[in-house]
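Structure record follows, encoded as structure tokens.
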There are 2 protein chains.
Amino acid sequence: MVKQRDTKPSAKTAFVTHDHEGCAAGTLHRAQEAAREKGVRMTPVRQRALEILLEEHRAMGAYEVLDRLAADGFGNQPPVAYRALEFLVENGLAHRVRRLNAFAACMRPGEDHAPVFLICRACGEVAEAGADEVRSALLDAAARHNFTVERATVEALGLCPRCVDGAEVVA
Amino acid sequence: MVKQRDTKPSAKTAFVTHDHEGCAAGTLHRAQEAAREKGVRMTPVRQRALEILLEEHRAMGAYEVLDRLAADGFGNQPPVAYRALEFLVENGLAHRVRRLNAFAACMRPGEDHAPVFLICRACGEVAEAGADEVRSALLDAAARHNFTVERATVEALGLCPRCVDGAEVVA
DNA sequence: AGAGAAAATGTGATAAGGTAACATTGCTGT
DNA sequence: ACAGCAATGTTACCTTATCACATTTTCTCT
Ligand SMILES: [Zn+2]
Ligand SMILES: [Zn+2]
Ligand SMILES: [Zn+2]
Ligand SMILES: [Zn+2]
């Protein structure tokens, strides 16, 4: 059979225990590469911000990132974090998760993909799912209203496979 | 004039010039009916909040709604608006538009639908598009990750048919 | 009708998220 | 070296959202 190369990390890492050290390092490397190819500058704050986002598969608020950056000797005012995060988002190295008012590292930097997020309400993990079908269905729906889509937000809130067993016992 | 009984308002009103007076009145009526059937109380503040949202096909911030409510003699503190809006959202009479941090009246109250929003970045109009295909595609994508979807946010930002001609001349 | 419980509202305070504006630093090219 | 521009530091401020608690209204049951 055709052996899958390391081109689809998200499919392998979403809600599955894995070597996250390597996962993060690899993604960071790919992000750096993507930035270089794109001709944008990966400065220290920006890189550090991305590293922070990559530590876990969850979304972090700007102020949470800011605290971490400040602790590392960078500025401690909101624009420091917002600017770094804005840079990462604009260059496809991170995503904004609107449901959480937070940011998450992109797991497929440079791939020009349409992100769909799966957000576990129990453990807070966020996975990026490939979903071209969702996009095309959305474009179809928009087309029926003669609407021109420029950017789309698709986010699902629910329970990941690890949390689905035993999460609703609370109620 | 009892003409529209089993119509699909959203499909007819989205980005199309129409009798909005009747559109709003009809939707309000259907919302009241839905609330009654559901056994929840449509109090004065709640109804007024919905009326305010129904005035235009766009999303309004909570504070904007609050100002209007205060002007009508209701309380002028944030919880007044947030509570009314929360009620409307929880009972399917309004939706939260996350991309705008705002709220929009639901155009098909009581219909138990999965809302997909088309947001025009030029005129600010917001349309609710029916998109079962988008939902099922999203559920499929989630299923591939063994993720259980509970709630989903699908929002598209772009240009409505009325704004698409002549909007980008600015740049 | 009247007591008690539950739901809804009023209000003050504060947390959390986000931006504008301007000074300063540092890189880039000539 | 020096002009020009990108990036950063910093101050101040704005918007959005929630908490906590007192008061009123409405519901429920006797
Ligand atoms: Zn990982
Ligand atoms: Zn989980
Ligand atoms: Zn209308
Ligand atoms: Zn428009």
Side-chain angles (χ1 to χ4, degrees), chain A residues 32 35-36 38-50 52-53 58-91 93-104 119 121 124 126 153 155 157, chain B residues 32 35-36 38-50 52-53 58-91 93-104 119 124 153 155 157:
Chain A
Q32 288 169 324
R36 200 188 52 71
K38 215 177 166 192
V40 295
R41 293 170 53 192
M42 194 67 154
T43 63
V45 223
R46 294 166 175 177
Q47 166 150 346
R48 189 73 196 100
L50 181 54
I52 290 166
L53 289 182
R58 63 184 193 88
M60 288 180 82
Y63 280 76
E64 203 177 345
V65 173
L66 177 59
D67 286 346
R68 299 287 311 275
L69 289 175
D72 289 351
F74 296 101
N76 65 345
Q77 297 303 312
V80 170
Y82 279 100
R83 282 198 285 236
L85 292 167
E86 180 186 37
F87 167 86
L88 295 173
V89 170
E90 280 189 351
N91 292 285
L93 310 180
H95 298 290
R96 193 165 195 149
V97 183
R98 307 211 94 106
R99 188 145 197 122
L100 304 175
N101 287 328
F103 300 82
I119 308 162
R121 67 165 165 81
V126 172
T153 301
E155 300 173 357
L157 187 72
Chain B
Q32 287 169 324
R36 200 189 51 71
K38 214 177 166 191
V40 295
R41 294 172 50 195
M42 195 66 154
T43 64
V45 223
R46 294 167 176 176
Q47 166 151 345
R48 190 72 196 101
L50 181 54
I52 290 166
L53 290 183
R58 62 184 192 88
M60 289 179 82
Y63 280 77
E64 202 177 346
V65 174
L66 177 59
D67 286 346
R68 298 288 310 277
L69 289 175
D72 289 350
F74 295 101
N76 65 349
Q77 298 301 312
V80 171
Y82 278 100
R83 282 197 285 237
L85 292 168
E86 179 187 40
F87 168 86
L88 295 174
V89 170
E90 280 188 351
N91 292 286
L93 310 181
H95 299 289
R96 194 165 195 148
V97 184
R98 305 213 96 105
R99 185 142 211 146
L100 304 175
N101 288 327
F103 300 82
I119 308 163
T153 302
E155 300 173 357
L157 187 73

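Per chain, numbering begins at 1; letters A, B, ... match sequence-line order.
- Distance alone, capped at 3.5 Å, places no donor-acceptor pair between the B:Gln32 side chain and the B:Met42 backbone.
- When DNA chain D is scanned 5' to 3' for any atom under 4.0 Å from a heavy atom of chain B, the first and last hits are D:dT16 to D:dT26.
- Between the C1' atom of C:dT9 and the CZ atom of B:Arg48 lies a distance of 18 Å, rounded to the nearest Å.
- Taking CG of B:Leu100 as the start and CD of B:Glu155 as the end, the distance is 7.0 Å to the nearest 0.5 Å.
- Across all strands, A:Val45 comes closer than 4.0 Å only to sugar-phosphate atoms, never to a base (heavy-atom distances).
- For the pair B:Ala35 and B:Leu93, the tightest heavy-atom approach, listed with the atom from each and the gap, is CB-CD1, 4.5 Å.
- Looking at A:Arg83 and A:Val45, their side chains never come closer than 4.5 Å, going by heavy atoms from C-beta outward.
- Counting only distance, with no hydrogens or angles, the side chain of B:Arg48 and the backbone of B:Leu69 share no donor-acceptor pair below 3.5 Å.
- Remark: C1' of C:dA7 and NZ of B:Lys38 are 16 Å apart, rounded to the nearest angstrom.
- Checking side-chain atoms of A:Arg46 against main-chain N and O of A:Arg41 turns up a donor-acceptor pair under 3.5 Å.
- Distances shown here put a side-chain N or O of A:Arg96 below 4.0 Å from the OP1 or OP2 atom of C:dG18.
- A:Met60 has its CE atom 15 Å from the C1' atom of C:dA16, to the nearest Å.
- Rounded to an integer number of Å, the gap from A:Leu100 CG to C:dG17 C1' is 13 Å.
- Checking A:Thr153 against A:Arg98 by side-chain atom types alone, no donor-acceptor pair falls below 3.5 Å.
- Of the residues near DNA chain C, A:Tyr63 and B:Pro79, the one whose nearest nucleotide (by heavy atom distance) lies more toward the 5' end is B:Pro79.
- Whole-Å rounding puts the B:Glu90 CD to C:dA7 P distance at 13 Å.
- Between B:Arg46 and C:dA8, a side-chain N or O to OP1/OP2 separation shorter than 4.0 Å is present.
- Between the CG atom of B:Leu66 and the C1' atom of C:dT11 there is a distance of 12 Å, rounded to whole Å.
- Spacing between atom CZ of B:Arg99 and atom C1' of C:dG17 amounts to 17 Å, rounded to whole angstrom units.
- Between the CZ atom of B:Arg83 and the C1' atom of C:dG10 there is a distance of 7 Å, rounded to whole Å.
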